[in-house]
Amino acid sequence: MEPFEKLVSLLDYPMYVVTTRSDDEAAGCLVGFTSQVSIGPPRFLVGLSERNHTYRVAKRASHLAVHVVPREHAELARLFGSETGDRTDKFARCEWESGPHGMPILADAAGWFVGEVLSRYDMGDHVGHLLEPVAGSAPEKFEQLVTFSDVRDLEPGHEA
Ligand SMILES: Cc1cc2nc3c(=O)[nH]c(=O)nc-3n(C[C@H](O)[C@H](O)[C@H](O)COP(=O)(O)O)c2cc1C
């Protein structure tokens, strides 16, 4: 539906790098399809494309880590959005450490949280992962963050 596609292309919203790990395999990609969906209990929904390497690892994972990216480290968004773990070891090309529940935590993120995957939903060509936040780190305030308008021209590592 053209008006819908036009409308959503004009919106701007935060972009996230979502990482995960299962069976010692780390994965992560740039994600725009997200939202907080409940306050009490706190819940957050992450949409992962079935084509992505990240989805295939997330399928077997108990948790996801959701990072917001400062504009000064926009290269992180480019790395995770335009390369695929099927061909590139993204984690060899950025700084990270193992955090809560073994989740890869990116050193240059402005803030992050780890969420337990409570359930998964077929949403079309993306699979919704409903998260319960269980750990995280937030600054007093954010400087400028990477948003959709910064990365809309990026060529995704996988077709959506
Ligand atoms: C602007 C933009 C938004 C994106 N949003 C999502 C998204 O919401 N969910 C998703 O799974 N992939 C999204 N992607 C695509 C992945 O980040 C991209 O295909 C990535 O290279 C996949 O890496 P992987 O195969 O290692 O998982 C987006 C890419 C861009 C450029």
Side-chain angles (χ1 to χ4, degrees), residues 1 4-37 43-96 98-99 101-131 133 144-160:
M1 220 260 295
F4 170 75
E5 278 163 25
K6 184 171 179 200
L7 187 146
V8 293
S9 76
L10 293 171
L11 294 174
D12 203 5
Y13 43 86
M15 295 300 298
Y16 301 84
V17 173
V18 173
T19 63
T20 189
R21 177 150 55 183
S22 75
D23 303 329
D24 252 2
E25 186 176 9
C29 69
L30 184 66
V31 169
F33 293 166
T34 61
S35 185
Q36 180 172 356
V37 291
R43 297 286 186 265
F44 194 88
L45 189 68
V46 171
L48 292 179
S49 165
E50 292 179 12
R51 300 205 175 180
N52 290 352
H53 174 251
T54 305
Y55 167 70
R56 277 174 263 129
V57 176
K59 220 172 165 176
R60 295 176 271 123
S62 59
H63 294 76
L64 304 181
V66 179
H67 305 77
V68 288
V69 181
R71 275 231 177 104
E72 57 171 338
H73 287 298
E75 79 281 354
L76 258 191
R78 284 194 292 273
L79 172 65
F80 278 88
S82 64
E83 302 287 346
T84 170
D86 286 335
R87 288 188 291 272
T88 304
D89 181 0
K90 303 181 203 183
F91 295 92
R93 292 171 54 181
C94 65
E95 271 187 63
W96 64 280
S98 186
H101 303 279
M103 290 301 106
I105 303 299
L106 305 176
D108 291 329
W112 56 272
F113 68 87
V114 167
E116 180 180 354
V117 182
L118 297 182
S119 42
R120 293 171 171 87
Y121 302 95
D122 179 356
M123 304 201 297
D125 55 15
H126 284 60
V127 175
H129 294 67
L130 185 67
L131 303 183
Q144 293 223 307
L145 298 175
V146 173
T147 64
F148 178 60
S149 60
D150 297 314
V151 288
R152 61 186 310 154
D153 294 330
L154 212 63
E155 186 77 31
H158 266 291
E159 288 290 313

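For reference, positions follow the sequence shown, starting with 1. Remember, predicted model here, so these are calculated numbers, not experimental data. Counting convention: from 1, in listed order, for ligands and their atoms alike.
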Give me the atom names and distance for the closest heavy-atom approach of Val114 to Ala65.
CG2-CB, 4.0 Å
For atom 4 (C) of ligand 1, the closest protein heavy atom turns out to be Leu30 O, 3.8 Å
Write down the atom of Pro104, the atom of Arg21, and the distance for their closest heavy-atom approach.
CD-CB, 4.1 Å
Which ligand 1 atoms are under 4.0 Å away from a heavy-atom of Thr84?
23 (O), 24 (P), 25 (O), 26 (O)
Tell me if the centroids of the rings in Tyr16 and Phe33 come within less than 6.0 Å of each other.
no
Taking both backbone and side-chain atoms of Gly85, is any N or O found less than 3.5 Å from an N or O belonging to ligand 1?
yes
Which residues satisfy the salt bridge (Lys or Arg N to Asp or Glu O under 4.0 Å) test with Arg71, sequence neighbours excluded?
Asp150
What atoms of ligand 1 come closer than 4.0 angstrom to any heavy atom of Leu48?
11 (O)
Only heavy atoms of Gly157, strictly under 4.0 Å: list the atoms of ligand 1 that pass.
18 (C), 19 (O), 20 (C), 21 (O)
Given the options Val66, Val18, Val17, Asn52, Val31 meets side-chain contact (heavy atoms from CB on, under 4.5 Å) only with Val18
Nearest to atom 23 (O) of ligand 1 by heavy atom, His53, Lys90, Glu155: which?
Lys90
Stepwise side-chain contact (heavy atoms from CB on, under 4.5 Å) check, Leu118 with Arg43:
CA-CA 9 Å; Leu118 297 182; Arg43 297 286 186 265; 3.1 Å; yes
Among all the protein's non-hydrogen atoms, which is closest to atom 19 (O) of ligand 1, and how far away is it?
His158 N, 3.0 Å
Any Val151 heavy atom less than 4.0 Å to ligand 1:
yes
Give the atoms of ligand 1, by number and element, whose distance to some non-hydrogen atom of Thr54 is under 4.0 Å.
24 (P), 26 (O), 27 (O)
Could you check which of His129, Arg51, Glu83 puts a non-hydrogen atom nearest to atom 21 (O) of ligand 1?
Glu83
Residue portion contacting ligand 1 (non-hydrogen atoms closer than 4.0 Å) for Phe80
backbone
For atom 12 (N) of ligand 1, closest protein heavy-atom neighbour
Asn52 ND2, 3.1 Å
Show which atoms of ligand 1 fall inside a sub-4.0 Å distance from at least one heavy-atom site of Leu154.
31 (C)
Within ligand 1, which atoms have a heavy atom of Val31 less than 4.0 Å away?
5 (N), 6 (C), 7 (C), 8 (O), 9 (N)
Exercise: identify the closest heavy-atom pair between Ala58 and Leu48
CB-CD1, 3.7 Å
Please state whether the rings of His101 and His63 are parallel, tilted or perpendicular, taking 30° and 60° as the class boundaries.
parallel
Ligand-side contact atoms (ligand 1) for residue partner Phe33, heavy atom cut-off under 4.0 Å
8 (O)
Which of the listed options, Gly47, Ala58, Gly81, holds the heavy atom that is closest to atom 9 (N) of ligand 1?
Gly47
Asp86-ligand 1 polar pair, N/O distance under 3.5 Å:
no
Donor-acceptor pair, distance only, cut-off 3.5 Å: does the side chain of Trp96 make one with the backbone of Phe91?
yes
Heavy-atom donor-acceptor pair, Ser49 side chain to Arg51 backbone, under 3.5 Å:
yes
Under 3.5 Å donor-acceptor, His158 side chain and Pro156 backbone:
no
With heavy atoms of Met15 as the reference, note each atom of ligand 1 found under 4.0 Å away.
1 (C), 2 (C), 3 (C)
Report the nearest protein non-hydrogen atom to atom 5 (N) of ligand 1: residue, atom name, distance rounded to 0.1 Å.
Gly32 N, 3.2 Å
Atom of Lys90, atom of Phe80 and distance for their closest heavy-atom approach:
NZ-O, 3.1 Å
